[in-house]
There are 2 protein chains.
Amino acid sequence: MFQNCQDVVAPVRIGDKWTGKILVCLGDGARRFSELRVPLHMVTPKVLTESLRAMERDGLVRRTAHPGVPPRVEYSLTELGHRMREFFMDTVCAWNASTLPEVLEARAAYDRRVSA
Amino acid sequence: MFQNCQDVVAPVRIGDKWTGKILVCLGDGARRFSELRVPLHMVTPKVLTESLRAMERDGLVRRTAHPGVPPRVEYSLTELGHRMREFFMDTVCAWNASTLPEVLEARAAYDRRVSA
DNA sequence: CAGGATCCTTTCCGATACTG
DNA sequence: CAGTATCGGAAAGGATCCTG
């Protein structure tokens with residue numbers, strides 16, 4: 001799902017470590033807190049909360065708490081969040097992917113030089 | 001010079017803290033190590049070296065050492081570096097700038113809500 | 001002049017445990 | 001379930017001093 005956005009090599013980043021992936025995960029609909037943790041490799045609740053709070057503050061994400069027990073909270077993208085996701089996927093990830101071969105080759109060449 | 005790329009609020013980032021600014025500074029020609037430090041608010045040599053090394057390794061920057069005493073080292077953008085700079089300025093910074101008002105308003109509204 | 005070496009602070013992030 | 005609280009390690013970034 002994140003083939004084009006692997007943070008291992010991507011030089012262009014958005015928000016913190018999880019912001020981009022959260023945008024993608026929420027791209028096709030609302031998700032609950034626990035549902036989000038799965039595609040995010042079981043990121044700890046603390047960190048996920050921090051990322052979601054920041055995104056909510058920036059107007060990218062909307063938090064909807066359904067009353068009752070057990071609690072049920074859903075996160076979804078705002079209109080700005082959707083635009084941010086499009087920009088991230090179509091522009092940033094696309095550009096990262098397109099330049100990746102050049103960067104990798106440059107790194108290999110550099111490493112060859114310094115180790116020599 | 002960095003009006004559209006202020007890292008205070010920019011959600012989209014490139015490389016480390018100084019990468020974007022270095023790209024811009026080298027945009028209109030080669031610069032020496034010390035020359036680079038000025039527009040970068042006297043970033044310490046250690047950090048600047050780290051950033052430049054990473055950019056050199058990624059094939060964004062070319063390092064040219066002119067022999068003699070005192071030493072003279074010039075940094076310039078590679079072709080990939082120029083393309084990266086264009087992408088950064090025209091696409092990333094432009095997008096940051098265009099969404100900035102919305103983000104700031106969202107933040108203000110959020111802060112008003114939580115402090116209330 | 002162009003950095004390398006050291007030390008230190010800050011920030012990010014993960015692990016674990018607990019709660020309404 | 002959806003978090004919060006606390007702790008600890010790792011990494012980023014900066015201050016200061018030193019060197020070819």
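All chains are named by letter (A, B, ...) in the order of the sequence lines, taking the proteins before the strands, and each is independently numbered beginning at 1.
Nucleotide dT16(D) holds its C1' atom 12 Å from the CZ atom of Arg37(B), rounded to whole Å. If you measure from atom CG of Leu40(A) to atom P of dG14(C), you get 10 Å, rounded to the nearest angstrom. The separation between Glu35(B) atom CD and dA2(C) atom P is 8 Å, rounded to whole Å. As a whole-Å value, the separation of Glu50(A) CD from dA2(D) C1' is 15 Å. Summarising the geometry, the separation between NZ on Lys46(A) and P on dC18(C) is reported as 18 Å, rounded to the nearest angstrom. Look at CE on Met42(A): it is 13 Å from C1' on dA2(D), rounded to the nearest Å. The interatomic distance linking Glu74(A) (CD) with dC1(D) (P) rounds to 14 Å, in whole Å. For the pair Leu48(A) CG and dG3(D) C1', the computed distance is 10 Å after rounding to whole Å.
Closest to the side chain of Ser34(A), out of dA2(D), dG4(C), dG14(D), is dA2(D). In this structure, the nucleotide among dG20(C), dG3(C), dG14(D) sitting nearest to the side chain of Lys17(B) is dG14(D). When distances are taken from the side chain of Pro45(A) to each of dG4(C), dT4(D), dC1(D), the shortest belongs to dT4(D). Nearest nucleotide to the side chain of Phe33(B), out of dG3(D), dG3(C), dT16(D): dG3(C). Nearest nucleotide to the side chain of Val43(A), out of dG14(C), dA2(C), dC13(C): dG14(C).
For the OP1/OP2 pair of dC1(D) and a distance below 4.0 Å, the side-chain nitrogens and oxygens of Tyr75(A) include no atom meeting the criterion. The shortest distance between the side-chain N/O atoms of Arg32(B) and the OP1/OP2 oxygens of dA2(C) is below 4.0 Å. Within the 4.0 Å cut-off from OP1 or OP2 of dG3(D), not a single side-chain nitrogen or oxygen of Arg72(A) is found.
Remark on DNA chain C: of its neighbouring residues Pro71(B) and Asp16(A), the 5'-side contact belongs to Pro71(B), judged by nearest-heavy-atom nucleotide.
Heavy atoms of Arg53(B) sit under 4.0 angstrom from primed sugar atoms or phosphate atoms, though from no base atom. If you check every strand for non-hydrogen atoms under 4.0 Å, Arg63(A) touches sugar and phosphate atoms only. Here Val47(A) lies in heavy-atom contact (under 4.0 Å) with a base.
Between the side chain of Thr19(A) and the backbone N or O of Asp16(A) there is at least one donor-acceptor pair closer than 3.5 Å. A side-chain donor-acceptor contact under 3.5 Å links Arg37(B) to the backbone of Val43(B).
Interatomic distance, Leu48(A) CG to Arg53(A) CZ, rounded to the nearest 0.5 Å: 10.0 Å.
Cluster membership for Val61(B) and Tyr110(A), using ILVMFWY side-chain heavy atoms within less than 4.5 angstrom, is not shared.
Using cut-offs of 30° and 60° on the angle between ring planes, the pair Tyr75(A) and Phe33(A) is tilted.
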